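Computed over heavy atoms, backbone and side chain alike; hydrogens, waters and symmetry mates excluded. Chain letters run A, B, ... following the sequence lines, proteins first, then strands; residues in each count from 1. Since this is a predicted model, take the numbers as computed values, not measurements.
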2 protein chains.
Amino acid sequence: MRKYCDYISVDCVIFGFEIDRLNVLLVDRTLRGEGESDIEFADHTLTGNHIYETETVGDAANRVLYDLTGLTGIYLEQFKTFAHPDRLKKENDRKWLLHDGRDPDKRIVSIGYFALLATQDVTIEWKGRNVKWVPYHEIGELAFDHNEILENALIALRNKAKHEPIGFELLPEKFTLSQLQKVYEIILDTEFDKRNFRKKVARMKYLIPLDEKQTGVAHKPARLYMFSREVYEKTKKDLFDFWV
Amino acid sequence: MRKYCDYISVDCVIFGFEIDRLNVLLVDRTLRGEGESDIEFADHTLTGNHIYETETVGDAANRVLYDLTGLTGIYLEQFKTFAHPDRLKKENDRKWLLHDGRDPDKRIVSIGYFALLATQDVTIEWKGRNVKWVPYHEIGELAFDHNEILENALIALRNKAKHEPIGFELLPEKFTLSQLQKVYEIILDTEFDKRNFRKKVARMKYLIPLDEKQTGVAHKPARLYMFSREVYEKTKKDLFDFWV
DNA sequence: GCAAAAGTGTTCGGAGTACACCCATGT
DNA sequence: ACATGGGTGTACTCCGAACACTTTTGC
C-alpha cells in the first residue's frame, strides 16, 4: 500500500468542449449526518488528490486524470499553486475533512493543473462519489478555494490559447473548421468572421485537411481536418510578436 | 517568534539588468568542516526561504526580496512549483541540510517566483551568507534543483516578455530607447533593427518621452523615456494575436 | 422546396522587414 | 578631428478587418 504525502495535493481543472460549451469535470461532495437521509450539505469539488510519497506531482495529476477518464496522453499543464493558510478553513470544508479522517488545520499546498479533452463519457463514479460535466457558466460555489483555482485555470487556458495551438486538444481527432472556430470563440470569449478565420488557419501547415466529410448532418457536410503536432513543431516560427 | 512551515518554501529568481547583461542574484553556500579553514564544499543557491506558518506564499516571496534589497513593489511573479521527491537528495545538499539542523528526507515543495529589477546595490550579506549578482551565462552548477528552477524562470520570463510590457521592470525609472532595445535583445536572445524597433515602440502610448536627456556620455545624448502603467492599463487592447 | 450550415474573394489600411546616412557630444 | 552611439525615411509585402452570396445536404 503506497502512502500519501499528507501536505501536497494536485487539483485538476479538466476542461471539456461540447457543441458550443466549455465544460468542467466536477465531483459531488455530500456530507451525510447520522440518519441515512440526513444530508448536512451537498456541493462540488474539482478533481484532485494527494500525491504519493514517492510520486512526482505531474505523475499524480496524470493519475487523477487516468482514474477519471481511463485516458492517457491528455494535454495537461501546471498553471499555479495554491497554499493560502485559510484555503481549507470554511465551516463545511472543516467538517468534510474531519469526517474524512483528515486534519483540517494542516496546511496543504495544492498544485493546480488544467487538462483539455473532448467532452465524452468518463467514469461516473470516483472513490464513491459522482462525477459529472458542468458548463463553465453554470458552476456555482465550489468547495475549498476551488472557485479561485477554476478562475485561474481559465485565465491560464486563455493566455495559452492566444499564443499556442491548443484549441485542437478540446476537439476529437477529426474536426471541422466551424468546430475549431467555436472552440476559440468560447475560450477567448469573442467572435470571429468566418472568412477571415479560415484565411488565417489556411496558412497553418500543421492543420491537415482530410479527404473526408461529415456525415448525417442536415446541411452541406463539412470537410474534416486534423492537427499535426509533428508539422507544428517543425514549422513553428518563434514569433516575437513581442508585447505591443 | 514566528514559526516556519517546514515543508513549504519559496525560491526567488531575482533578475537584474546591467549595460548588456542579464544577472541573477545568488547566495554563497559554504559548508565548513571541523577546522576553521576546512571547507567541505562551496557553491551557490538561489535566494529563497521557508514560509511562515500564517503567511501567504506571495508574502513570503516579497519578504525574501525585501530582506535582500530593501525594496518593495518589485515586479514578482509565481511561475512554477517544484516538488520532485529527490530534489534535495544530492550528497552535498543532504550534508548542508543536516548541518543546518533540517531533515534531508522531508519532502519540501518549493514555489518558484521570478523578480525583475535594475541591477543595483543590494544587501551583500543575508543570514550570514554572501550575496552577489552573477551574469546568467556564467552561472555554473547550483545547489539542489536550482539550475532547473533557474532555467524555468528564464523560459517564463521570455514568454511573458513576448506578450506583455515587462522589459521596463529591468531598467531604471528613466531609460533610453537603446537600453530598452538591449533589454529585449538579451531576454529574447535576438537582435532588432534600430529603426524598426523605434517605429514599433513609437506606437505605444504608454511609453512616455521626457524632456530630458542623458548627460555625461561621450556621444550625442539620448532622450529619456518612462513607462506608464496607468496608460498601459487604459490603452491595452486584448490582442488575439492568437496562436498562428 | 426549405432550413441549415459550408464555403468562398476583394478592398483597404496598418504593421513587419530590409536597408544607409547625418548628428550631437566628450575627449 | 575623431570616436561613439543617437536619431531618422522609404519601398515592399503580408496580415487583419470589413463585408454578402452561392452550394450542398437532410427532411
Side-chain angles (χ1 to χ4, degrees), chain A residues 18-21 161-163 165 171-172 174-186 188 190-205 207-226 235-244, chain B residues 18-21 162-163 165 171-172 174-186 188 190-226 235-244:
Chain A
E18 186 183 28
I19 319 288
D20 55 359
R21 280 206 316 257
K162 279 188 215 165
H163 310 296
L171 290 170
K174 299 172 184 182
F175 51 85
T176 70
L177 293 186
S178 294
Q179 288 172 328
L180 186 63
Q181 182 176 344
K182 203 74 197 171
V183 164
Y184 277 94
E185 290 180 342
I186 300 285
L188 300 176
T190 186
E191 289 186 9
F192 295 107
D193 175 82
K194 190 169 30 160
R195 282 168 292 185
N196 293 339
F197 184 88
R198 280 159 193 253
K199 232 185 308 171
K200 177 159 184 130
V201 300
R203 286 196 299 274
M204 302 170 187
K205 300 221 174 64
L207 190 60
I208 317 285
L210 302 174
D211 288 329
E212 230 177 306
K213 290 178 190 270
Q214 274 182 317
T215 53
V217 287
H219 54 77
K220 179 171 175 179
R223 182 165 206 167
L224 295 176
Y225 289 76
M226 274 187 62
T235 61
K236 74 173 164 185
K237 38 182 182 295
D238 247 336
L239 31 93
F240 303 125
D241 78 356
F242 155 69
W243 112 70
V244 184
Chain B
E18 187 184 27
I19 319 288
D20 56 359
R21 280 207 314 257
K162 279 188 216 164
H163 311 295
L171 290 170
K174 300 172 182 180
F175 51 85
T176 70
L177 294 186
S178 294
Q179 289 173 326
L180 187 63
Q181 184 176 341
K182 203 75 199 171
V183 164
Y184 277 93
E185 289 181 342
I186 300 285
L188 300 177
T190 186
E191 288 187 12
F192 296 107
D193 175 82
K194 190 168 32 159
R195 281 169 292 187
N196 294 339
F197 183 88
R198 280 158 194 254
K199 231 186 310 172
K200 177 155 184 134
V201 300
R203 286 197 301 274
M204 302 170 185
K205 299 222 173 62
Y206 49 82
L207 190 59
I208 318 284
L210 302 174
D211 288 329
E212 229 178 308
K213 289 176 190 272
Q214 274 183 317
T215 53
V217 285
H219 54 78
K220 180 170 174 180
R223 183 164 206 168
L224 295 175
Y225 289 76
M226 275 186 62
T235 61
K236 75 173 163 184
K237 36 185 183 300
D238 248 336
L239 30 94
F240 303 126
D241 79 357
F242 154 69
W243 112 68
V244 182

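Residue A:R198 is tested with A:K200, A:K194, A:R195 for a side chain to side chain contact (heavy atoms under 4.5 Å, CB included); the sole match is A:K194. Screening A:D211, A:L177, A:L210 for a side chain to side chain contact (heavy atoms under 4.5 Å, CB included) with A:L224, the sole residue that qualifies is A:L210.
Considering only side-chain atoms of A:K194, the nucleotide from D:dA18, C:dA24, C:dT8 that sits closest is C:dT8. Among C:dT25, C:dG16, D:dT24, the nucleotide with an atom closest to any side-chain atom of A:P221 is D:dT24.
Taking atom CG of A:N196 as the reference point, atom P of C:dC12 lies 16 Å away to the nearest angstrom. Rounded to an integer number of Å, the gap from A:F197 CZ to C:dA6 P is 12 Å. Across the protein-nucleic acid pair, B:H219 atom NE2 and C:dA24 atom C1' stand 10 Å apart, rounded to whole Å. Straight-line distance from the CD atom of A:Q181 to the P atom of C:dG7: 12 Å, rounded to whole Å. Atom C1' of nucleotide D:dA11 and atom CZ of B:R195 are separated by 12 Å, given to the nearest angstrom. Residue A:R198 contributes atom CZ, which lies 16 Å from atom C1' of D:dC19 at whole-angstrom precision. Here the C1' atom of nucleotide D:dT4 and the CD atom of B:Q214 are 11 Å apart, to the nearest Å. Atom P of nucleotide D:dT8 and atom CZ of B:R223 are separated by 9 Å, given to the nearest angstrom.
The salt bridge (charged side-chain N to carboxylate O under 4.0 Å, His left out) pairs that include a residue from residues 212-221 of chain A are A:K174-A:E212, where partners are two or more places apart or lie in different chains.
Between the base of C:dT25 and the side chain of B:K213 there is no donor-acceptor pair shorter than 3.5 Å.
Within 6.0 Å of atom CD in B:E18, more than 12 heavy atoms from other residues, nucleotides or ligands are found, so the atom counts as buried in its surroundings.
One finds a side-chain N or O of A:K200 lying less than 4.0 angstrom from the OP1 or OP2 phosphate oxygen of D:dG16. A:S178 has a side-chain polar atom (N or O) that falls below the 4.0 Å cut-off from OP1 or OP2 of C:dA6. Phosphate contact (OP1/OP2 of C:dA15, side-chain N/O of B:R203, threshold under 4.0 Å): present.
Between B:T176 and B:K199, the residue whose closest nucleotide on DNA chain D is further toward the 5' end is B:T176.
Ring geometry for B:F192 against B:F197 counts as tilted: the plane angle lies between 30° and 60°, on a 0 to 90° scale.
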